[in-house]
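All values below come from the heavy atoms of this structure, side chains included, with hydrogens, waters and symmetry mates left out. Every number for a ligand or one of its atoms is a count from 1 in the order of the listing.
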Amino acid sequence: MKTATHCPNGTLYIVPTPIGNLEDITLRAIRILNEVDLIAAEDTRHTHKLLNHLNIQTPMVSYYREKEVQRSAEIIDILKTGQNVALVCDAGTPAISDPGSVVVKSAHQNDIKVIPLPGPSALITALSAAGLGNAEFLFLGFLPSKKNQRRKSLNALIHSEYPVVLYESPHRISALLEDAFDILGERQALWARELTKKFEELQRADLQTLLEKSRSGKNKGEFVLVIWPGKKEKVTAESIEGLIEWYRDNAELSLKDVSKRIATDLGISRSQVYQKALQLWHNPDKFE
Ligand code: SAM
C-alpha cells in the first residue's frame, strides 16, 4: 500500500481527466493517480496513454459499462482491504454520462469514503461559454438515439424554463438538431465542438442555422449543445380556452387531468383552469 491511512477501508477517488488538451489535468489529479494503489479505468489502453504521458506507473483494472456491477464488487473488496482506488473514464468526469455511478453508490453503502476531485467536464466547459444569465440549467446528457424517444424527450422540454445541455456524437448531431428545431422552433443555441482541442469551435446561433451548418458535413468531433429556453408566452383567457379545446379534441384525458396538465404547463393555479374547463367542456359552442 502506497499511502498510510487510519481508516480500515481505503478511499475511492473520482478523478477527472482531460477532454482533449492534456494540460488540463490538475496537479492534485496527478498526485492522486500516483499515490493510489489501483486505477479503475473505463478503457485501460486509453488511460495508459495518459499515464505514460505523466510518467505514472500505478496498476490499472478495467471498469466499463457492461461490467460495472461485477467490477464494482471487486473494487469494493479491494477498498475493504484498505487500499485506495482512483476511478477514471476516457475523458472528463467519471459517472457523468460515463461509467462510475455503480461503484460510487456501492462505496457509500459500504461506508467507504468517496473523494471527488474537481476537473474537466465537457458539460461545464461548454456551459461556461454560453453566456447564460442565471445559474439554473437542465443537463440531460445523451438523448435517446431512437427518433421516437428522442422526440418525446424534446417534447417534454417545450415548456421548460431552463436552458438544456445535451451531449451528442458527430453522426447524430444533424438528427438531433432536426428534431430540436422541429419541436422547439427558433431558439438560440450554443454549439460547442471539440472543446479544448485543435479544431475547437463555438458557435452561438438559432437552431435552424445550426441545423444547416450540421448538414454541411464538416462536423467531425464531439459536441455539446446548449439550447436556450423558449420565450414565456403571456397567459390570457383565450390561450387557456384554446388549450382546453385542443385537449378536448385531441387527447383522451378527463377534464380534471386536462386542468392539471394545463395548470402545470402554464404555471397557473389548477382551480383557475378547472373553473374555465367546467364552463366550456360540455359546451363546445362557447369555443366558437
Ligand atoms: N464524462 C464526460 C464529461 O465529464 O464530460 C462525458 C463523457 S460522454 C461519454 C462523451 C460526450 O461528452 C461526447 O459525445 C460529447 O458530447 C461530450 N464531449 C466530451 N469531450 C468533448 C469535447 N472535447 N468537446 C465537446 N464535447 C465533448
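Side-chain contact of E68 with Y63: a donor-acceptor pair under 3.5 Å is present, judged by distance alone. In summary, the side chains of Q70 and E74 do present a donor paired with an acceptor at a separation below 3.5 Å, with no hydrogens or angles considered.
Atoms of ligand 1 found under 4.0 Å from any heavy atom of E194 (numbered from 1 in listed order, with element): 23 (N), 24 (N), 25 (C). Near K197, the atoms of ligand 1 lying under 4.0 angstrom from a non-hydrogen atom of the residue are 23 (N). For ligand 1, the atoms closer than 4.0 angstrom to any heavy atom of S97 are 7 (C), 8 (S), 9 (C). Atom numbering of ligand 1 starts at 1 in the shown order; those under 4.0 Å from a heavy atom of G92 are 3 (C), 4 (O). Applying the 4.0 Å criterion to heavy atoms of A192 picks out, from ligand 1, the atoms 25 (C).
The nearest heavy-atom contact from the protein to atom 10 (C) of ligand 1 is F142 CZ, 3.8 Å. In this structure, atom 16 (O) of ligand 1 lies nearest to the protein heavy atom F223 O, 2.5 Å. Nearest protein heavy-atom neighbour of atom 18 (N) of ligand 1: A122 CB, 3.4 Å. Nearest non-hydrogen protein atom to atom 26 (N) of ligand 1 is V224 CG2, 3.5 Å. The single protein non-hydrogen atom nearest to atom 25 (C) of ligand 1 is E222 O, 3.2 Å, given as residue, atom name and distance.
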Tell me which donor-acceptor pairs under 3.5 Å the side chains of residues 140-151 have, and how far apart each pair is, sequence neighbours excluded?
{"residue": "K147", "atom": "NZ", "partner": "D179", "partner atom": "OD1", "Å": "2.7"}
{"residue": "K147", "atom": "NZ", "partner": "D179", "partner atom": "OD2", "Å": "3.4"}
{"residue": "R150", "atom": "NE", "partner": "D179", "partner atom": "OD2", "Å": "2.9"}
{"residue": "R150", "atom": "NH1", "partner": "S145", "partner atom": "O", "Å": "3.2"}
{"residue": "R150", "atom": "NH2", "partner": "D179", "partner atom": "OD2", "Å": "3.1"}
{"residue": "R151", "atom": "NH1", "partner": "D179", "partner atom": "OD1", "Å": "3.0"}
{"residue": "R151", "atom": "NH1", "partner": "D182", "partner atom": "OD2", "Å": "3.0"}
{"residue": "R151", "atom": "NH2", "partner": "D182", "partner atom": "OD2", "Å": "2.7"}

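Inclusion of T196 in the set of residues having an N or O under 3.5 Å from an N or O of ligand 1 is not warranted. Ligand 1 has no N or O atom lying under 3.5 Å from any N or O atom of C89, backbone or side chain. In terms of polar-atom proximity, S169 is not counted as a contact of ligand 1, lacking any N or O under 3.5 Å from an N or O of the ligand. Checked by distance only, ligand 1 and R193 stay at 3.5 Å or farther apart across all their nitrogen or oxygen atoms.
The nearest pair of heavy atoms linking S259 to V273 is CA-CG1, 3.8 Å.
If you look at E200 next to ligand 1, there are no close heavy atoms at all, none under 4.0 Å. Counting heavy atoms closer than 4.0 Å to ligand 1, residue D98 contributes side-chain atoms (C-beta onward) but none from N, CA, C or O.
Here atom 24 (N) of ligand 1 lies nearest to L195 when heavy atoms of L195, L225, T93 are compared.
Between K198 and E194 no salt bridge is recorded (no basic side-chain N to carboxylate O distance below 4.0 Å).
Of the possible donor and acceptor atoms, none in the side chain of N84 sits under 3.5 Å from a partner among the backbone N and O of D37.
Heavy-atom separations between A91 and ligand 1 include at least one value shorter than 4.0 Å.
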